[in-house]
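First comes the structure, then the notes that go with it.
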Amino acid sequence: MNTVTKKQYLDNPCRAASIPYWKAVCISVPDNMLVLHDSEFYTELLKRYMDEPYFRLQHRMHKVKPAVLPEGYSICEASVSDFVKHINNCYSDISITVAEMQNFLTREQYCPKLWLAVREDCHGKIVATGIAELDCEIGEGILEWIQVSKGYRRRGLGSYLVLELLWRMRKAASFVTVSGKCKNPDNPEELYRKCGFEGNDVWHVLREHE
């Protein structure tokens with residue numbers, strides 16, 4: 001994974017690596033794992049590994065328009081702990097700590113304007129959050145966390161987060177990437193494609209059976 005060159009990545013980001021470029025050049029795969037593009041995957045591997053396939057998509061930033069926040073909601077200030085609480089409430093299979101999220105603030109790719117929190121005006125509670133990062137070295141924007149509280153989905157809040165983050169990155173990012181679990185029942189891939197993301201690359205994260 002860490003052998004990808006900048007040129008290879010820029011030529012075809014979602015095919016060249018399973019993760020954003022800045023991570024691909026500094027993160028090594030543990031010995032008990034394999035990360036393979038779908039073109040290299042074969043079912044015989046399932047005898048030894050558990051498989052979690054991830055889609056990886058790219059937005060080419062050719063057509064980016066201002067986002068419109070649905071009526072009854074507004075952007076609000078939120079602390080790191082607010083983001084962590086909301087993220088953990090939105091997923092049953094993910095748990096992130098405040099310390100882990102604080103680490104995002106120390107990265108070169110951190111950009112404060114790319115942390116969005118949306119509240120419902122009538123109750124004042126946070127119902128949607130989104131976080132993106134920006135790799136200025138190669139002009140890559142990265143959607144990291146996009147989530148909407150259960151009970152508030154299918155109201156346009158997810159689309160708003162994605163489109164607003166794209167809009168805020170339009171002057172600095174030549175392209176934006178995103179990935180997610182193919183088997184996620186909430187089907188986030190549909191949301192990203194609706195917002196202009198494209199591609200057909202799938203990566204398999206394989207972990208040895210215990």
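- Counted by atom type alone, Glu140 and Thr177 present one or more donor-acceptor pairs between their side chains at under 3.5 Å.
- Side chain of Gln8 to main chain of Thr5: a donor-acceptor pair is present (N/O by atom type, distance under 3.5 Å, no hydrogens or angles).
- Taking both residues in full, the closest heavy atoms of Tyr21 and Asp135 are given as CD2-OD2, 4.2 Å, listed atom of the first, atom of the second, then distance.
- To the nearest 0.5 Å, atom SG of residue Cys76 and atom NZ of residue Lys125 are 13.0 Å apart.
- Between the side chain of Arg15 and the main chain of Asn12, no donor-acceptor pair closer than 3.5 Å is present.
- In this structure Tyr73 satisfies the ring-ring contact (aromatic ring centres under 6.0 Å, His included) test with no other residue, sequence neighbours excluded.
- Taking the six-membered ring where the residue is Trp, His59 and Phe197 present perpendicular rings, their angle passing 60° and hence far from 30°.
- Cluster partners of Tyr110 are Val80, Phe83, Val84, Ile87, Tyr91, Ile94, Ile96, Val98, Met101, Phe104, Leu105, Trp115, Ile131, Trp145, counting Ile, Leu, Val, Met, Phe, Trp and Tyr whose side-chain heavy atoms approach within less than 4.5 Å, directly or via other members.
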- Message: If you apply the rule salt bridge (charged side-chain N to carboxylate O under 4.0 Å, His left out), what do you find for Lys181 with Asp93, and how did you get there?
- Response: CA-CA 12 Å; Lys181 292 182 179 180; Asp93 60 341; 2.9 Å; yes
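- Looking only at atom types and distance, the side chain of Ser149 has a donor-acceptor partner in the side chain of His86 under 3.5 Å away.
- In plain terms, the two heavy atoms of Trp203 and Ser18 that are nearest each other are CD2-CB, 3.4 Å.
- In this model, a donor atom of one side chain and an acceptor atom of the other lie less than 3.5 Å apart for Tyr152 and Glu120.
- Annotation for Leu166 and Cys195: closest pair CD1-O, 4.0 Å, computed over non-hydrogen atoms.
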- Please lay out, stage by stage, how Val64 and Met61 fare under the test side chain to side chain contact (heavy atoms under 4.5 Å, CB included). CA-CA 6 Å; Val64 181; Met61 302 296 279; 3.9 Å; yes
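- Follow the hydrophobic side-chain contacts under 4.5 Å out from Val148 and you reach Ile75 in the same cluster.
- No chain of hydrophobic side-chain contacts below 4.5 Å, direct or via other Ile, Leu, Val, Met, Phe, Trp or Tyr residues, connects Trp22 to Ile27.
- Under the 3.5 Å distance criterion, with hydrogens and angles disregarded, no donor-acceptor pair is assigned to the side chains of Ser174 and Arg60.
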- Task: Check the pair Leu45, Phe41 against side chain to side chain contact (heavy atoms under 4.5 Å, CB included), reporting the backbone distance first and the verdict last.
- Result: CA-CA 8 Å; Leu45 290 167; Phe41 175 79; 4.1 Å; yes
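- Nearest heavy atom pair, residue Gly141 against residue Ala173, reads N-CB, 3.8 Å.
- Between Arg119 and Ser74, the side chains place a donor N or O and an acceptor N or O closer than 3.5 Å (distance only, hydrogens not considered).
- Ion pairing between a basic and an acidic side chain is recognised when a charged N comes within 4.0 Å of a carboxylate O; Lys6 and Glu137 show such pairing.
- Residues that satisfy the ring-ring contact (aromatic ring centres under 6.0 Å, His included) test with Tyr54, not counting sequence neighbours, are absent from this structure.
- A donor-acceptor pair is defined here as one N or O able to donate and one able to accept, closer than 3.5 Å; no such pair exists between the side chain of His37 and the backbone of Ala16.
- One hydrophobic cluster holds both Trp167 and Val118 under the rule that ILVMFWY side chains link at heavy-atom gaps under 4.5 Å.
- Rounding to the nearest 0.5 Å gives a distance of 15.5 Å between CD of Gln58 and OH of Tyr192.
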- Would Leu46 and Asp51 count as a side chain to side chain contact (heavy atoms under 4.5 Å, CB included) if you check the C-alpha gap in whole Å, the side-chain angles of each, and the deciding distance to 0.1 Å? CA-CA 7 Å; Leu46 298 179; Asp51 176 35; 3.6 Å; yes
- Task: Quick one: do Met169 and Leu114 satisfy side chain to side chain contact (heavy atoms under 4.5 Å, CB included)? Show the steps, please.
- Result: CA-CA 8 Å; Met169 291 188 283; Leu114 301 181; 3.7 Å; yes
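- Between Glu198 and Arg193 there is no salt bridge, since none of the side-chain N atoms of the basic residue sits less than 4.0 Å from a carboxylate O of the acidic one.
- When hydrophobic clusters are built by joining Ile, Leu, Val, Met, Phe, Trp and Tyr residues whose side-chain heavy atoms come closer than 4.5 Å, directly or via intermediates, Val178 is grouped together with Ile146.
- For the pair Ser159 (side chain) and Gly156 (backbone), a donor-acceptor distance under 3.5 Å is absent.
- Using a distance-only test at 3.5 Å, with no hydrogens or angles considered, a donor-acceptor pair links the side chain of Arg155 to the main chain of Gly151.
- The backbone N or O of Gly180 sits nowhere less than 3.5 Å from a side-chain atom of Arg56 that would complete a donor-acceptor pair.
- At a threshold of 4.5 Å between non-hydrogen side-chain atoms, the residues Arg48 and Glu208 count as touching.
- No side-chain heavy atom of Val162 sits under 4.5 Å from any side-chain heavy atom of Glu164.
- Clustering ILVMFWY residues whenever any of their side-chain heavy atoms sit less than 4.5 angstrom apart, transitively, puts Val29 in the very cluster that holds Val205.
- With rounding to the nearest 0.5 Å, the separation of CG in Leu165 from SG in Cys111 is 10.0 Å.
- Counting all heavy atoms, side chain and backbone alike, Gln147 lies closest to Thr129 at NE2-OG1, 2.7 Å.
- Residues Glu190 and Lys194 are not paired through a salt bridge, judged by the lack of any N-O separation under 4.0 Å between the basic side chain and the carboxylate.
- For the residue pair Ile126 and Ala78, the shortest heavy atom distance occurs at CD1-CB, 3.9 Å.
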